[in-house]
Protein chains: 2
Amino acid sequence: MYRQRPGPLYQQIADELRAQITDGTLPPGAQLPTEMELAERFEVTRQTARQGLAQLIQQGLVVSRRPQGHFVRQWQHMLYRPQAEFMPQPHAPEMDSFMRAMTSEGREPTQKIDVAIVTPPPEVAERLHTPDGEMVVVRRRLRSLAGQPFHLNDSYFPRSIVGGSEIMSPADIGRGANTVLAELGHEQVRALDEIYVRMPTPDEVHRLSLEQGTPVALHIVTGFDSEDLPVRVVLNVLPSDRHVIVFERTRSNSEAE
Amino acid sequence: MYRQRPGPLYQQIADELRAQITDGTLPPGAQLPTEMELAERFEVTRQTARQGLAQLIQQGLVVSRRPQGHFVRQWQHMLYRPQAEFMPQPHAPEMDSFMRAMTSEGREPTQKIDVAIVTPPPEVAERLHTPDGEMVVVRRRLRSLAGQPFHLNDSYFPRSIVGGSEIMSPADIGRGANTVLAELGHEQVRALDEIYVRMPTPDEVHRLSLEQGTPVALHIVTGFDSEDLPVRVVLNVLPSDRHVIVFERTRSNSEAE
DNA sequence: GAGTGGTCTAGACCACGTA
DNA sequence: ACGTGGTCTAGACCACTCG
């Protein structure tokens with residue numbers, strides 16, 4: 001028995017199915033053949049057929065729903081605008097920018113807030129210049145849309161600045177945490193945005209109900225006050241199947257080199 | 001209710017190894033036990049051990065190098081600044097912004113350029129408002145650092161604007177394609193940045209030499225001239241193990257809501 | 001109860017780099 | 001030549017949802 005050139009059998013299975021997905025033969029939401037059907041059609045065992053499907057799942061093209069079968073994945077991208085989440089709000093809103101933006105699009109946003117005093121994770125301690133062993137305040141928010149988890153938004157503040165303030169209450173801050181920071185004498189005048197991309201942790205998979213093959217963007221915002229001290233670090237975890245990050249540039253806000 | 005939930009065997013293997021990776025017992029670059037060693041330690045078959053390792057590979061924590069073994073993955077993030085890639089350059093450089101930025105950091109940047117006239121992919125046609133069936137000019141660049149592929153940068157232009165110009169030559173445009181566009185009467189005054197995150201296509205895996213478990217960011221820039229016509233669409237494919245996207249905001253360039 | 005995918009075993013042979 | 005991971009077979013039993 002000689003082996004054919006085109007590579008592993010499971011690869012041929014994956015390639016054929018992927019071709020059908022990308023050319024529209026199998027449109028989003030369509031059901032794929034069952035594992036047994038694939039095994040018979042390609043004359044392999046079920047395990048080998050599964051390996052081909054696994055590759056498509058890993059590539060985010062297919063989801064498995066037990067016991068219905070495998071389906072072509074569908075996507076729905078909501079706009080995520082870092083520039084809208086910034087600085088004290090000029091007009092007093094009842095909700096924060098997330099809630100306002102979503103409500104204005106006819107969605108049903110909810111969020112679960114929890115506040116804690118914790119040892120900051122290293123990526124936060126670096127950016128806040130937190131001394132070793134010192135703890136910080138974190139406001140953790142799980143934002144949902146129509147009952148489905150949407151993204152995570154964890155804001156970290158130095159205890160020395162926000163201790164005892166409204167920020168430590170686990171309730172909506174209608175006028176925005178940034179406004180409160182400004183009232184506390186630390187208005188933010190500059191922010192640094194960093195976007196990392198990676199696969200989610202098991203904890204993130206669970207909290208955000210992520211399908212297999214869904215990477216996340218980690219959007220880290222560091223806010224600085226007028227004395228250039230970091231007063232706020234936000235870790236946003238954005239599932240890739242629900243977000244597109246958007247921002248605009250004009251000549252005036254483009255960096256001079 | 002003392003029923004323990006140890007879960008699948010491969011999951012326990014993955015969990016134990018992941019714990020050792022995240023707590024530093026297995027630092028970046030360290031070699032993991034071989035598949036046979038894992039199979040013996042957990043008293044399972046090699047296939048089951050492989051399934052545990054596969055999960056870690058999918059999560060981007062581990063790479064497999066045949067026939068050496070499995071290793072904890074290491075990352076190296078270079079800064080990627082969308083704001084630096086914009087508008088005509090104020091001072092005439094010999095290289096484009098990528099080459100300049102990298103050289104200034106002591107790297108050895110190279111790029112392979114190829115120019116073609118093609119039917120635009122749908123995401124480009126939408127943004128350039130290309131009529132059905134009309135073709136566009138694309139400058140495709142594979143940028144490398146120290147001989148290793150780094151990212152893809154494909155710039156699309158309407159034929160009506162750049163036809164016959166310097167942009168159609170597959171050579172470096174020292175003063176930048178944006179400067180050439182400006183000379184052709186289409187200076188860009190505004191740009192829209194969109195960032196999608198997804199798993200790479202097989203073609204991208206090949207062209208960028210991506211390891212398994214490496215998602216990519218797709219950074220799409222649409223440039224508009226003073227009459228608000230789209231004159232340029234750039235598709236950047238940024239491997240997550242080599243890029244962090246960075247931009248800065250000050251009060252003046254933050255959106256008013 | 002039927003049928004789906006999920007897990008697991010006990011083998012086998014192959015491809016490939018290093019010693 | 002050896003040991004690694006990569007592929008594949010031919011079974012088995014389980015968990016879950018739907019009709």
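Chain letters run A, B, ... following the sequence lines, proteins first and then strands; every chain starts at 1. Computed from a prediction, not measured in an experiment: that's the story for all the values here.
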Trainee: Counting only side-chain nitrogens and oxygens, does A/Y10 get under 4.0 Å of the OP1 or OP2 atom of D/dT7?
Mentor: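 Yes.
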Trainee: Taking only heavy atoms on the protein side, list every residue of residues 31-42 of chain B lying under 4.0 Å from any atom of DNA chain D, sorted numerically.
Mentor: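 Output list: B/T34, B/E35.
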Trainee: Check salt bridge (charged side-chain N to carboxylate O under 4.0 Å, His left out) between A/E35 and all other residues, then give those that pass, not counting sequence neighbours.
Mentor: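 Result, salt bridge (charged side-chain N to carboxylate O under 4.0 Å, His left out) vs A/E35: A/R46, A/R50.
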Trainee: List the residues meeting side chain to side chain contact (heavy atoms under 4.5 Å, CB included) with B/Q12, not counting sequence neighbours, and say none if there are none.
Mentor: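 Counting only residues at least two positions away or on another chain, B/Q12 forms a side chain to side chain contact (heavy atoms under 4.5 Å, CB included) with B/P6, B/L9.
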Trainee: Under the side chain to side chain contact (heavy atoms under 4.5 Å, CB included) test against B/L17, which residue among B/T22, B/V72, B/L38, B/V62 passes?
Mentor: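 Single side chain to side chain contact (heavy atoms under 4.5 Å, CB included) partner of B/L17 among B/T22, B/V72, B/L38, B/V62: B/L38.
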Trainee: Decide if atom CD of A/E194 counts as having more than 12 heavy atoms of other residues, nucleotides or ligands within a radius under 6.0 Å.
Mentor: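 Atom CD in A/E194 is crowded, with more than 12 foreign heavy atoms closer than 6.0 Å.
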Trainee: Which residues within residues 52-65 of chain B lie with some heavy atom under 4.0 Å of an atom in DNA chain C?
Mentor: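 The stretch gives none, as no residue of it lies under 4.0 Å from the strand.
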Trainee: Hey, could you give me each pair passing side-chain hydrogen bond (donor to acceptor under 3.5 Å, both in side chains) that has a residue in residues 113-125 of chain B? Not counting sequence neighbours.
Mentor: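 Listed once each, the pairs are B/D114-B/R140.
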Trainee: I'd like a table of atom pairs between the protein and nucleotides 9-11 of chain C - only N or O on both sides, under 3.5 Å - with the distance next to each one.
Mentor:
from, atom 1, to, atom 2, distance (Å)
C/dT9, OP2, B/T45, N, 3.0
C/dT9, OP2, B/T45, OG1, 3.0
C/dT9, OP2, B/T48, OG1, 2.7

Trainee: Please identify each residue that fulfils salt bridge (charged side-chain N to carboxylate O under 4.0 Å, His left out) with A/R242, with sequence neighbours left out.
Mentor: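 Checked A/R242 against salt bridge (charged side-chain N to carboxylate O under 4.0 Å, His left out); zero matches.
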Trainee: A side-chain contact here means heavy atoms from C-beta on lying under 4.5 Å apart; do B/L238 and B/V216 qualify?
Mentor: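 A side-chain contact under 4.5 Å is absent here.
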Trainee: Round to a whole Å and report the spacing from CD of B/Q51 to P of D/dG5.
Mentor: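 Nearest whole value for this atom pair: 16 Å.
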Trainee: For the residue pair A/H219 and B/F247, categorise the inter-ring angle as parallel (less than 30°), tilted (30 to 60°) or perpendicular (more than 60°).
Mentor: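 It falls in the parallel class, under 30°.
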Trainee: Report the residues that fulfil side chain to side chain contact (heavy atoms under 4.5 Å, CB included) with B/T34, sequence neighbours left out, ordered by chain and then residue number.
Mentor: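 Partners of B/T34 by the side chain to side chain contact (heavy atoms under 4.5 Å, CB included) criterion, ordered by chain and then number, come out as B/M36, B/E37.
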Trainee: Given B/R65 and B/E211, is the salt bridge (charged side-chain N to carboxylate O under 4.0 Å, His left out) satisfied, shown in steps?
Mentor: CA-CA 10 Å; B/R65 296 202 204 105; B/E211 306 263 21; 5.1 Å; no
Trainee: I'd like to check the ring pair (Phe, Tyr, Trp, His ring centres under 6.0 Å) partners of A/H206; sequence neighbours left out, ordered by chain and number.
Mentor: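 Applying ring pair (Phe, Tyr, Trp, His ring centres under 6.0 Å) to A/H206 gives none.
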Trainee: When you measure from the side chain of A/H70, which nucleotide among C/dG6, D/dC8, D/dG6 comes out closest?
Mentor: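 Out of C/dG6, D/dC8, D/dG6, the nucleotide with an atom closest to A/H70's side chain is C/dG6.
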Trainee: Output all residues satisfying side chain to side chain contact (heavy atoms under 4.5 Å, CB included) with B/T45, sequence neighbours left out; order by chain, then residue number.
Mentor: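 B/T45: side chain to side chain contact (heavy atoms under 4.5 Å, CB included) contacts with B/Q47, B/T48.
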Trainee: Can you measure B/R50 atom CZ to C/dC14 atom C1' for me and round it to whole angstrom units?
Mentor: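 Between C1' of C/dC14 and CZ of B/R50: 13 Å.
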Trainee: Between protein and nucleic acid, restricted to nucleotides 16-19 of chain D and to nitrogen or oxygen atoms under 3.5 Å apart, what atom pairs and distances do you find?
Mentor:
none

Trainee: With sequence neighbours excluded, what pairs up with A/D203 under the side chain to side chain contact (heavy atoms under 4.5 Å, CB included) test?
Mentor: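 Listed in chain order: A/T201, A/R207.
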